[in-house]
Q: 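Sharing a structure, written as structure tokens. Questions coming.
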Amino acid sequence: MQPFLFSRVKNAEEAIDVLAVRTVGESRPIAGGTTLLDLMKLNVMNPQRLVDVNRALSSKIEKTAGGLRLGAAVRMAEAASHEFVARDYPVVAQALLLAASAQIRNMASLGGNVLQRTRCGYFRDATVPNCNKRIPGSGCAAWDGVNRMHAVLGASESCIATYPGDFAQALMVVDAKLEIVGRRGPRTIAFSQLHVRPAADPAVETVLKPDELIAAFVLPKAEWTRRSVYLKIRDRDSYAYALASAAVALDLDGNKVRDARIALGGVATVPWRARDAENYLKGKELNEATAESAGLQAFDGAQPREHNAYKVKLGAQTVARALLQAQSLEINT
Amino acid sequence: MLRVTAAVEIDRNAYMSKPSNPTASIVHRREFLSAAASSAAMPLLLDSTRSQAASKPVMVSPRDLIDVTLTVNGKKERISVDARVTLLDALREKIGLTGTKKGCDHGQCGACTVHVNGKRVLSCLTLAGMVEGEAITTIEGLSDITGGLHPMQQAFIDNDAFQCGYCTPGQIMSAVAVVSEGKAETEASVREAMSGNICRCAAYPNIVTAIMQAKMKMGA
């Protein structure tokens, strides 16, 4: 780990001011530290300053007019076990509980979780010279390398690193909003706008400016969010990243799909909204055949490499199964 | 290198040398710097702390040490560390509590599990500077005030729940939390809840049995 200045700030304004200082070099906010410290120990990330934002950001889960607001400093474990999250947004609770380990869930913040970085072995090895995410313009070692866990969607010769998270996909399918604070003032965006595909510059992963912080997530109030599921397929029963996963939320009229929201994990370079599959299902009856077709639609255009071709079929079947599971949920109104 | 508060030059070798009193209690098995520093430097530290009460000293250089007071097993430990020092390294190297183990140092094995405010966390991914004022419990803090074993520790012994013992402190710290989290209903839920602690010796079946046994004694 490289030496860094450590700043403890009292509130968000102070955090933004410190992050905006240009004379120090790179400043990063730290909350749970579960991604940041891991990568700093590998010398993959080397900020010159860390700003402890735990007291600067909200740790509250509160009902608002807009829905349910989760502060960015709320820990994964707390959100996962919260009564309103589990009841009204089961896909969110499941995505959180199926992620990481109990210890990490106690430490990791929601804001930090969505900003977690890829587990690509070439990215995580600072001695590997060709990694466009670490060194823009240097190439992609995984493209023709060992790529079993790498992305088949949103991938290109410049980067095929998989976005490894789960929570982000759940947020996408409940139409979550993201509250951001920064030098230019607060702004709210659709959560699905946060992540940026790596095509142009894999080093840039989100739309956040260096002085900006995620302040909160807002889950909207809607009946259909209760009919939601997160299905995660992995090598082990627990404590492993997804080989393929699907977050699904269904607005059903009997067996007919009014609206479907599907987001994929473990298979794409960013949290992946499967819009073609959603459009396919709209207005149709949901059954095994249409669920399977939707799954195939979701992976239309996938670009497999040498070791990750299994993800295309596995991913499609994961979508199909998640859709059918969501359909069969008994919802108590 | 700028020392931010205390004026005392700390002898880094002091805490690394062999203990002068081999019969010293488990907590002081290694000589560590706070024993030396606290008696000699306490008046100086108090003076500077009082005058700095308004705000924490700001680091001027990344190589400045930061002063941190950690509350470990009910006891306050004042240490001066590089900002990079993790809670794990502070516990082991600065405070002399070597029960907590470094398995992977990357949050993947669970050997470094401790409790912070009653919740299990990985000390290898926690900066010492970020847990000031929090109540930290290590494996050494599990025994009761008479030094008797915690029911979980006894259960691990009774059920042969360890072989080399390296993952064991982390397993026990996790296990105690699993019971208090209410996750020890069934063997399946125990396995799921304990999945962040790995054991190369594969003592898993006996660990699960130990937890189910201890749960009864812990009144959960």
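Proteins come first, then strands; the chains are lettered A, B, ... in the order of their sequence lines, and each starts at number 1. All of these numbers come straight from a predicted model, not from anything done at the bench.
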Q: Looking only at side chains, do A:Gln116 and A:Thr35 share a donor and an acceptor under 3.5 Å apart?
A: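 No, because no side-chain N or O of A:Gln116 sits under 3.5 Å from a partner of the opposite role on A:Thr35.
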Q: Non-hydrogen atoms of chain A under 4.5 Å away: do they reach the side chain of B:Ala83, the backbone, both or neither?
A: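 Answer is both: backbone and side chain atoms of B:Ala83 are under 4.5 Å from chain A.
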Q: With a 4.5 angstrom heavy-atom cut-off, could you sort out which part of A:Asp38 is near chain B: side chain, backbone, both or neither?
A: both
Q: Measure distances from A:Ala31 to the heavy atoms of chain B and classify the residue's part below 4.5 Å as side chain, backbone, both or neither.
A: backbone
Q: Quick one: what part of B:Glu181 sits under 4.5 Å from any heavy atom of chain A, side chain, backbone, both or neither?
A: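 Contact with chain A: side chain only.
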Q: Working to the nearest 0.5 Å, report the span between OG1 of B:Thr98 and CD1 of B:Ile139.
A: 11.5 Å
Q: Would you mind telling me which of A:Arg105, A:Lys41, A:Met1 has the largest number of heavy-atom pairs within less than 4.5 Å of chain B?
A: A:Lys41
Q: Under 4.5 Å from any heavy atom of chain A, what part of B:Leu127 do you find: side chain, backbone, both or neither?
A: both
Q: Can you tell me which portion of A:Leu50 sits under 4.5 Å from chain B's heavy atoms? Options are side chain, backbone, both or neither.
A: side chain
Q: Can you tell which of B:Gln108, B:Lys183, B:Lys119 has the highest number of heavy-atom pairs within less than 4.5 Å of chain A?
A: B:Gln108
Q: What part of B:Ser174 lies closer than 4.5 angstrom to a heavy atom of chain A: side chain, backbone, both or neither?
A: side chain
Q: Where do B:Leu70 and B:Ala90 come nearest, in terms of heavy atoms and distance?
A: CD1-CB, 4.2 Å
Q: So, B:Asn73 and B:Glu140: side-chain donor and acceptor under 3.5 Å apart, yes or no?
A: no
Q: What I'd like to find out is whether the side chain of B:Met173 reaches to under 4.5 Å of the side chain of B:Arg120, using heavy atoms alone.
A: no
Q: Just wondering, do A:Asn43 and A:Gln2 contact through their side chains at under 4.5 Å, heavy atoms?
A: yes
Q: Count the heavy-atom pairs under 4.5 Å between each of B:Met194, B:Glu192, B:Arg191, B:Met130 and chain A, then report the option with the highest count.
A: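 Option with the top pair count is B:Met130.
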Q: Side chains of B:Arg84 and A:Pro3: does their closest heavy-atom pair fall under 4.5 Å?
A: yes
Q: Looking at A:Tyr89 versus A:Phe217, is the centre-to-centre ring distance below 6.0 Å?
A: no
Q: Would you mind telling me which of A:Thr34, A:Asp237, A:Asn106, A:Asp52 has the largest number of heavy-atom pairs within less than 4.5 Å of chain B?
A: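 Looking at each of A:Thr34, A:Asp237, A:Asn106, A:Asp52 in turn, A:Asn106 comes out on top.
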